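Everything numeric in this text was worked out from a predicted model, so none of it was measured. Naming convention: chains lettered A, B, ... in sequence-line order (proteins, then strands); numbering from 1 in each chain.
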Amino acid sequence: MQPGELIASDLGARPAQPTDLAAAWATLAQVMDPEVPVVSVVDLGIVRDLDWQAGHLHVVVTPTYSGCPATEVIESDIRDALELAGFRAPQLERKLTPAWTTDWITDIGRERLRAYGIAPPDGSTSKRSLLGESPVIVCPQCGSAHTEVLSEFGSTACKALYLCVDCREPFDYFKCI
Amino acid sequence: MNNNTDLIEYLLRLGDSALIQGQRLCQWCGKAPALEEELALMNVGLDLVGQARNWLEYAAELLGDDRDADHLAFRRDERAYRNLLLVEQPNGDYAVTILKQFLYDAWHLEVLKGLSQSSDERVAGIAAKAVKEVTYHLRRSGEWVERLGDGTEESHKRMLAAIPEVWRFTVELIAADDSEQRLCEAGITPDIATVAAAWQARVNEIFASATLPVPAAPSYFYLNARKGLHTEHLGILLAEMQFLPRAYPDATW
């Protein structure tokens with residue numbers, strides 16, 4: 001019972017239906033990242049798990065970067081979408097371990113990033129090295145590998161800023177982390 | 001008295017250092033020497049403020065006295081802050097800013113690597129997330145030290161002048177007190193000797209590449225951030241940072 005409540009009740013609680021989890025996943029596949037609205041929170045690997053606990057949908061999310069300003073917006077969007085889809089009072093759990101990694105971005109997510117003009121993360125995190133060369137990234141506009149890094153930090157903390165030497169367009173690269 | 005005093009003090013040290021360094025980086029906002037650096041400074045600062053929130057939220061829970069992370073950040077006085085003396089130093093010119101960032105990043109990365117193995121699950125979780133971000137911070141600041149040190153006559157001269165501005169504050173990075181010793185024995189924090197050796201090795205490597213001389217190891221400094229005894233700069237920084245929440249305590253965004 002929460003402070004201020006006169007009557008303890010859990011109107012939203014109900015037993016799980018066989019179609020619930022599939023419906024919830026489908027709903028969340030339509031919740032887009034606020035900064036890059038072509039890729040969903042499922043494609044980004046932010047939603048880690050869905051199950052049913054104590055009569056409510058239980059969603060496990062993992063925030064991307066420690067300082068990501070979209071974390072609360074994403075959680076609130078997830079909650080709103082699930083409520084609209086008929087899941088009353090979904091329980092969101094923020095799970096820090098294991099830490100979010102770009103390895104969790106799906107292939108569809110990577111393709112959508114590229115189509116949007118953001119070069120997706122190159123390879124997997126296991127091949128990165130500290131103080132080593134920046135990876136050679138293919139330009140998402142013209143496909144040239146003749147690109148150079150302008151800054152390790154781009155429009156957001158998760159991206160770096162590159163320039164394509166051939167078509168002269170700058171573009172964001174989603175860093176491997 | 002709280003059973004968790006040692007851990008709380010340590011969490012505040014981590015969180016306050018990240019918060020104050022983030023605040024210092026904000027002071028370059030709109031004034032950085034190049035657009036790419038503007039982006040970099042603000043993004044690094046954002047990462048650090050996010051990490052500070054994680055540490056301070058945990059500290060607030062352990063304190064268990066109804067304070068939350070916001071209260072810890074915006075309502076504590078200078079004497080209650082536990083940040084490293086290094087990060088509260090003024091930004092100075094870009095050489096001082098980069099050097100401060102590098103010395104902090106080199107320490108921060110080693111500490112976070114050790115904390116990722118902590119016996120405290122929450123600490124390990126926060127650290128494992130932060131260590132990936134700080135790897136990028138250190139890469140950037142290390143490269144800038146090299147660029148400025150082994151750069152033009154002007155940049156080299158300024159880097160040489162920057163070293164004595166901040167070097168004496170590095171003594172805190174390589175020594176532990178009794179409280180931290182106890183945490184280390186409990187498996188919560190890494191062994192300070194390991195952190196210190198790795199920090200020194202990184203500094204030696206980058207300074208050599210930047211054609212900068214490594215000064216002698218810093219000796220005892222009369223102030224002590226672990227006891228809330230700060231340099232004259234922290235008070236001014238906090239006055240600016242805390243003014244708005246203190247003046248309008250009920251304001252919401």
Roughly how far, to the nearest 0.5 Å, is the [atom2] atom of [Y] from the [atom1] atom of [X]?
X	Y	atom1	atom2	value
A/Lys159	B/Leu39	NZ	CG	11.0 Å
B/Lys129	A/Leu96	NZ	CG	8.0 Å
A/Cys158	B/Tyr136	SG	OH	10.5 Å

Assess whether atom [atom1] of [X] is packed by more than 12 heavy atoms of other residues, nucleotides or ligands within 6.0 Å.
X	atom1	answer
B/Arg13	CZ	yes
B/Asp66	CG	no
B/Glu240	CD	no

Heavy-atom contact with chain A under 4.5 Å, split by part of B/Asp47 =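 For B/Asp47, the contact with chain A is made by backbone and side chain together.
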request  = Specify whether B/His137 and A/Phe153 have parallel, tilted or perpendicular ring planes, treating 30° as the upper limit for parallel and 60° as the lower limit for perpendicular.
outcome  =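 B/His137 and A/Phe153: tilted rings.
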inquiry  = Quick check on the interface: out of B/Ala52, B/Ala130, B/Ala40, who has the most heavy-atom pairs with chain A under 4.5 Å?
reply    =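 Greatest number of close heavy-atom pairs with chain A: B/Ala40.
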query = Could you name the residues of residues 63-91 of chain A that have a heavy atom within less than 4.5 Å of a heavy atom in chain B?
reply =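 Interface residues of residues 63-91 of chain A: A/Pro63, A/Thr64, A/Tyr65, A/Ser66, A/Gly67, A/Pro69, A/Glu72.
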query = Taking all non-hydrogen atoms of both residues, which atom of B/Asn43 and which atom of A/Thr156 are closest, and how far apart?
reply =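 Minimum heavy-atom separation between B/Asn43 and A/Thr156: OD1-C, 3.4 Å.
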